[in-house]
Amino acid sequence: MEDFSSSNLMDKIVSLCRRRGFIYPSSEIYGGLANTWDFGPLGVELKNNIKKAWWKKMVYEKDNIVGLDSNIIINPQVWEASGHVSGFSDPLIECKSCHTRFRADDLLEGKYGEVITKDGHSQCPLCGGELTESKKFNLMFKTFLGPVEDAAHLVYLRPETAQGIFINFKQVLTSSRQKIPFGIAQIGKSFRNEITPGNFIFRTREFEQMELEYFVKPSESEKWHHFWQEERLNWYLDLGIKKQNLRFRPHQKEELAHYALSCVDVEYLFSFKSGEQWGELEGIANRGDYDLKTHSQHSGKDLSYFDEETNQNYLPFVIEPSAGVERSFLAFLMDAYDEDEQDGEVRTVLRLSPALAPVKVAVLPLVKNNPALVALAQQVLLDLKTKSQFLVVYDEVGSIGRRYRRQDEIGTPWCVTIDHQSLEDETVTVRDRDSLKQERVKIKDLYFKI
Ligand code: ATP
């Protein structure tokens, strides 16, 4: 059996994603665009299922969390106030010869090996050229609102969804009649002009975030910070990620973002091409009252909360679990990827949670040249499609074994096979992807079985 726990897992995932329509390199017919990816028919299903699972856990299963969908482009004063215009930057070093740009911390941490020569000069690890001093590079994408391209019309693509929540805090509070503690959840695209994107979809310049801003009494912020760490870790575990591949990593004081009092990351043990490496899936920060305070000051609007019990106004503290859709997509795929041997052949199988699997059920007539059997299969398909909220597919091409393998490879938890006996007693077989057991089930009970 091949070793797929090491770096070649990434190659297998990238190739599977492309072959089966999860993820394609973007703009390929024009030669591509570096580090940009498009999600294909199965990728969009997996992505949507991740977002649905997050929304269900964070909004539908709670009484005190409501949703929001704010604009990507917002008043640029928001980013002045939030500190992003002055502080949302990475230190950048450029090669004076080949003009490759590096993150200074990558060079210092030795990611590219030794870059200092014996005489003390910094030399480019790629071409040996001289490197510039480190300078701050702001990660926000800029554009202009309307036809005039001047400073007065400069706007930014949001680098996080969170600010859209803070500027709507008062409106949501009033219209939804929530009391503290309560939360506002949002899923949406964010943009960061990253200096070194890479590792497939791990770090890109356009990505989706799933963010919750949870407003609490300042004295209770520690308690809630802990609560959300456990809650979020359990979300990944419940969706099937193996415990040994997840860990918490508290931030050191010096690496805290400008707004954070404290922060704990949930990390996953990724298999990158360079080898196994812990990487951030999600940051869970205690933002204190930084954002509501700065927006109160800059906007001149009172964003405090009136506590009816104590008859006092105060600025709530905010606990923020902020997760990346694409990073968890990659982690779910890596963790689910498996190979075993079936009838002397290697079977690739994605052991994805049924809640995430892009296709939930495949309906397969045993043979395609029996019109009665095919008609029954079509009927079963239609019935499942109309009753369910998820993707059901039909496949009659190739041997039944080959069709099972095709579904295993994309993580379909159940295959429903219509055979000759089905015509006699209105039963079908349901094959389980993981146990490989086949069970006969009455067609009328099928929907409840899966
Ligand atoms: P990193 O240290 O990896 O750059 P970060 O600490 O800047 O990440 P946050 O600002 O905490 O990231 O953003 C919250 C989440 O958004 C991250 O945990 C990650 O899942 C996702 N995310 C952030 N930047 C990117 C990116 N460039 N590409 C894909 N996902 C990202």
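Start at 1 and go down the list; that is how both ligands and their atoms are numbered.
Given atom 21 (C) of ligand 1, the protein heavy atom at minimum distance is G324 CA, 3.8 Å. The protein non-hydrogen atom at the shortest distance from atom 28 (N) of ligand 1 is T204 N, 3.1 Å. Protein heavy atom nearest atom 7 (O) of ligand 1, with residue, atom name and distance: R192 NH1, 3.1 Å. For atom 29 (C) of ligand 1, the closest non-hydrogen atom of the protein is F202 O, 3.2 Å. With hydrogens left out, the protein atom closest to atom 16 (O) of ligand 1 is Q209 NE2, 3.3 Å, a heavy atom.
By heavy-atom distance, the residue among E194, E280, R327 lying nearest atom 6 (O) of ligand 1 is E280. Of all the listed residues (E326, E267, R203, H251), R203 holds the heavy atom that lies closest to atom 1 (P) of ligand 1.
When each of V172, N64, I184 is tested with F215 by the rule side chain to side chain contact (heavy atoms under 4.5 Å, CB included), just one qualifies, namely I184.
Looking at R203 and E326, no side-chain N of the basic residue comes within less than 4.0 Å of a carboxylate O on the acidic one, giving no salt bridge. Salt bridge annotation for R18-E28: present, with a cationic side-chain nitrogen under 4.0 angstrom from a carboxylate oxygen.
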task = Could you go through the salt bridge (charged side-chain N to carboxylate O under 4.0 Å, His left out) check for E211 and R287 one step at a time?
result = CA-CA 13 Å; E211 295 198 300; R287 294 178 82 123; 5.4 Å; no

message = Working note: D340 + R347, criterion salt bridge (charged side-chain N to carboxylate O under 4.0 Å, His left out); need CA distance, chi angles, decisive distance, verdict.
response = CA-CA 5 Å; D340 60 15; R347 170 179 85 131; 2.9 Å; yes

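In this pair, F169 and F182 present their aromatic rings parallel. The plane angle is below 30°, not in the 30 to 60° band. Y268 and F270 have perpendicular rings, their planes meeting at more than 60° on a 0 to 90° scale where under 30° would count as parallel.
Considering backbone and side-chain atoms alike, F207 places every N or O at 3.5 Å or more from each N or O of ligand 1. Taking any N or O of I201, backbone or side chain, none lies under 3.5 Å from an N or O belonging to ligand 1.
Contact annotation for D265 and ligand 1: no heavy atom of the residue comes within less than 4.0 Å of the ligand.
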